[in-house]
Amino acid sequence: MTASDQKPVAVVTGAARGIGLATTKLMLANGWQVVMVDRDGAELQSAASDLSAVRPVEADVSDPVAVQMVVDDLTDDHGGIDALINNAGVADFGPIDETDFTRWRRVMDTNLDGVFLMSQAAAPLLKARKGAIVNIASISGLRASTLRVAYGTSKAAVIQLTKQQAAEWGEFGVRANCICPGPVRTKLAMAVHSQAIIDAYHDAIPLNRYGQESEIAEAIVFLASRRASYITGQVLAVDGGFEATGVGLPDLRD
C-alpha cells in the first residue's frame, strides 16, 4: 500500500485528556490515524484502550532525546506524518512576585520548548508530505490576565513561533496555524473554578458560557485538514468572543 492509499497520520501531543483527547477522537472520526503522545503513561494507555487507529507513545515533549525517538519511530512505522498538533502544556499560575525561576522553567519547558522541539524534529516529515502544524496557545497569549506571567508569556511566544514557522516553512508546503482557546469546560477547570469565577467568565464572554473541548477540537481538525489548504500563519481565538470584547456588560444584559 502506498502512502497516498493510507489514512493520513496525525501526531497529537498531550493526548491523554482534555483538548488533546477530544482532538484525537474527532480526527479518528474524520479518517485520520493518530499517534497519541503524552508523558502520563497510565492515563495515556487508559485513554487509548477504547480507540482504534491510534498508537499511544509515552514521551515528554520537553526532552530533546525523547522527542527525537518519537520522530524516529514515526519514520520507521508510518514513513511520515501529515499533521502535528502541539497541544501538550502545563498550567502553573501565580503572582509575578511569587514566580521563581523553577516555576518559570517548568512552564516554558513544556509550553514553549516542547512546541519548538516537536516541530523541529518533525519538520522533515511534514515537508515531505506538505503537512500542517497546529499549535495550541491560549487566550492568555493574546491578553494579560492575573497570575499568568509564565503561562501567558509562554503562550504569546507560541503565537510568534507559529508565525515564524509559517513564514519559513511555507515554501515547502507546510502550513502552521495557532489556536487560542478561551475558557473551556474541562474537569480541571470545573474543579478549581468557584461559582463566582464561573459567573465572572460568563459575564465577560459574549456567548455567556464556557467552551467545550469538542468545540476547540473542531477548529484544530479543520486547520489540520486540506480544507484549510490556503490558510497559514493565522491565530484563531476559539473563545466565545472573550478576546474581542475584553470586558462584559452584565448590567446592560439585565
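The shown structure was predicted, so the numbers you read here are calculated from the model rather than taken from an experiment.
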For [X] and [Y], work out which heavy atoms get closest and say how close.
X: Glu213; Y: Gly18; result: OE2-CA, 3.4 Å
X: Ala15; Y: Asp38; result: N-OD2, 3.3 Å
X: Pro206; Y: Gly240; result: CD-O, 3.3 Å
X: Ala219; Y: Val238; result: CB-CG2, 3.8 Å
X: Gly94; Y: Thr99; result: O-OG1, 3.5 Å
X: Glu243; Y: Arg143; result: CA-NH1, 3.7 Å

Out of curiosity, [X] [atom1] to [Y] [atom2], how far, rounded to the nearest 0.5 Å?
X: Thr186; Y: Gln212; atom1: OG1; atom2: CD; answer: 10.0 Å
X: Met36; Y: Ile85; atom1: CE; atom2: CD1; answer: 13.0 Å
X: Arg148; Y: Asp92; atom1: CZ; atom2: CG; answer: 11.5 Å
X: Leu26; Y: Ser214; atom1: CG; atom2: OG; answer: 8.5 Å
X: Met69; Y: Leu74; atom1: CE; atom2: CG; answer: 12.0 Å
X: Glu98; Y: Arg103; atom1: CD; atom2: CZ; answer: 7.0 Å

Can you list everything that forms a salt bridge (Lys or Arg N to Asp or Glu O under 4.0 Å) with [X]? Sequence neighbours excluded, please.
X: Asp100; answer: none
X: Asp109; answer: Arg105
X: Asp239; answer: none

Requested in this report: Determine, stepwise, if the pair Thr162 / Val235 fulfils side chain to side chain contact (heavy atoms under 4.5 Å, CB included).
Outcome: CA-CA 8 Å; Thr162 303; Val235 181; 5.8 Å; no

Side-chain donor or acceptor of [X] paired with backbone N/O of [Y] under 3.5 Å:
X: Asn87; Y: Val12; value: no
X: Gln33; Y: Lys7; value: yes
X: Asn111; Y: Ser154; value: no
X: Asp82; Y: Val9; value: yes
X: Gln234; Y: Thr232; value: yes

Taking the side chain as C-beta and beyond, is there a heavy-atom pair between [X] and [Y] under 4.5 Å?
X: Ile133; Y: Leu161; value: no
X: Ile19; Y: Ile220; value: yes
X: Val34; Y: Lys25; value: no
X: Asn177; Y: Leu236; value: no

Query - Sequence-distant partners of Tyr201, ring-ring contact (aromatic ring centres under 6.0 Å, His included), two or more places apart - result: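 ring-ring contact (aromatic ring centres under 6.0 Å, His included) list for Tyr201, sorted by chain: His193, Tyr210, Phe242.
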
Going only through I, L, V, M, F, W and Y residues with side-chain contacts under 4.5 Å, is there a path from [X] to [Y]?
X: Val107; Y: Trp104; result: no
X: Val70; Y: Leu21; result: no
X: Val54; Y: Ile81; result: no
X: Leu207; Y: Ile198; result: yes
X: Val221; Y: Val35; result: no

**Report entry** Nonpolar side-chain network containing Tyr230, other nodes, edges under 4.5 Å
**Finding:** none

Qualifying residues under side-chain hydrogen bond (donor to acceptor under 3.5 Å, both in side chains), relative to [X], sequence neighbours excluded:
X: Gln164; result: Gln160, Glu168
X: Gln195; result: Asp199
X: Arg227; result: Ser225

Query - Residues Arg209, Glu215: salt bridge by 4.0 Å N-O rule - result: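 Answer for the salt bridge query: yes.
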
**Report entry** Ala137: partners by side chain to side chain contact (heavy atoms under 4.5 Å, CB included), with sequence neighbours left out
**Finding:** Lys155, Val158, Ile159, Cys178, Cys180

Report task. Please name all residues satisfying side chain to side chain contact (heavy atoms under 4.5 Å, CB included) with Ala228, sequence neighbours left out, ordered by chain then number. Result -> Arg175, Phe222, Leu223, Ile231

Give every donor-acceptor pair under 3.5 Å between a side-chain atom in residues 55-63 and any protein atom, sequence neighbours left out.
residue : atom : partner : partner atom : Å
Arg55   : NH1  : Asp77   : OD2          : 2.7
Arg55   : NH2  : Asp77   : OD2          : 3.3
Asp60   : OD1  : Ser62   : N            : 2.9
Asp60   : OD1  : Ser62   : OG           : 2.8
Asp60   : OD2  : Ser62   : OG           : 3.3
Asp63   : OD1  : Val65   : N            : 3.0

Pairs of donor and acceptor atoms involving the side chains of residues 114-128, under 3.5 Å and at least two apart or interchain, shall be tabulated with distances.
residue : atom : partner : partner atom : Å
Ser119  : OG   : Asn86   : ND2          : 3.1
Ser119  : OG   : Val115  : O            : 2.8
Ser119  : OG   : Gln165  : NE2          : 3.1

